[in-house]
Amino acid sequence: KGLKFRAAALGGKIYQKQCASCHAKSGKGRGMFPMLVGQYTNYLMRQVELYRKGDRPHDEEAVGGVLNALDEKQIQDVLAYLTSIQDPKE
């Protein structure tokens, strides 16, 4: 349980710095940017893979962008964080 908590804490820091400006601090999405909180982890991981391969656009930076700046561990930490959010508040 300690490792999960640590991963979620690290992921929260990454999320707030790299993702929150578009997907909202709560993960509920904003405008054209979709909700991330409440999604299945496997679904989110698949979307990340598609974005990183360039099969699906992610952000205004096109292929590359925010997701390609993160390594696998950081992405897993962000997913752990999103999973840990039960009742997000903006």
Side-chain angles (χ1 to χ4, degrees):
K1 184 170 180 163
L3 289 177
K4 282 185 182 181
F5 179 78
R6 184 166 182 228
L10 292 171
K13 289 179 183 178
I14 296 165
Y15 179 87
Q16 295 304 326
K17 184 176 180 184
Q18 300 288 335
C19 312
S21 62
C22 295
H23 293 282
K25 289 181 180 184
S26 65
K28 288 185 174 182
R30 179 178 290 140
M32 66 181 259
F33 301 100
M35 175 178 72
L36 300 178
V37 71
Q39 301 286 0
Y40 290 107
T41 302
N42 289 341
Y43 170 80
L44 292 175
M45 194 63 221
R46 177 72 178 132
Q47 300 316 302
V48 168
E49 290 169 5
L50 291 172
Y51 296 133
R52 291 178 94 186
K53 289 191 321 189
D55 291 344
R56 182 173 176 173
H58 175 252
D59 56 26
E60 56 282 342
E61 297 172 42
V63 177
V66 172
L67 287 172
N68 285 323
L70 301 176
D71 63 31
E72 290 299 318
K73 168 103 174 60
Q74 291 171 315
I75 288 172
Q76 290 296 326
D77 290 347
V78 169
L79 293 176
Y81 169 71
L82 290 169
T83 301
S84 74
I85 299 174
Q86 297 300 317
D87 184 22
K89 292 179 176 51
E90 192 62 351

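Along the sequence shown, residues are numbered consecutively beginning with 1. The model shown is predicted, which means the values in this text are computed figures rather than measured ones.
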Can you tell me how far the SG atom of Cys19 sits from the CZ atom of Phe33, to the nearest 0.5 Å? 11.5 Å

So Cys22 and Arg30, do their side chains get closer than 4.5 Å, heavy atoms only? no

Rounded to the nearest 0.5 Å, how far apart are CE of Met35 and OG of Ser26? 10.0 Å

Parallel, tilted or perpendicular: ring planes of Tyr81 versus Tyr15, cut at 30 and 60 degrees: tilted

Tightest non-hydrogen contact, residues Leu70 and Gln74, listed as CA-OE1, 3.2 Å

Measure the spacing between CE of Met45 and CG of Leu50 and express it to the nearest 0.5 Å. 10.0 Å

Determine, using the 4.5 Å side-chain heavy-atom cutoff (strictly less than), whether Val78 and Leu10 are members of one ILVMFWY cluster. no

Within this structure, what is the CD1-CG distance for the pair Ile85 and Leu36, rounded to the nearest 0.5 Å? 9.0 Å

Ile75 and Arg52: CA distance, side-chain angles, deciding distance, side-chain contact (heavy atoms from CB on, under 4.5 Å) verdict: CA-CA 11 Å; Ile75 288 172; Arg52 291 178 94 186; 3.1 Å; yes

Is the shortest distance from a Lys or Arg side-chain nitrogen in Arg46 or Glu49 to a carboxylate oxygen in the other one below 4.0 Å? yes

Closest approach of Ala24 to Gly29 (non-hydrogen atoms, all atoms of both residues): CB-O, 3.7 Å

Between OG1 of Thr83 and CD of Gln39, what distance do you get to the nearest 0.5 Å? 11.0 Å

Measuring from Thr41:OG1 to Gln76:CD, what's the distance to the nearest 0.5 Å? 8.5 Å

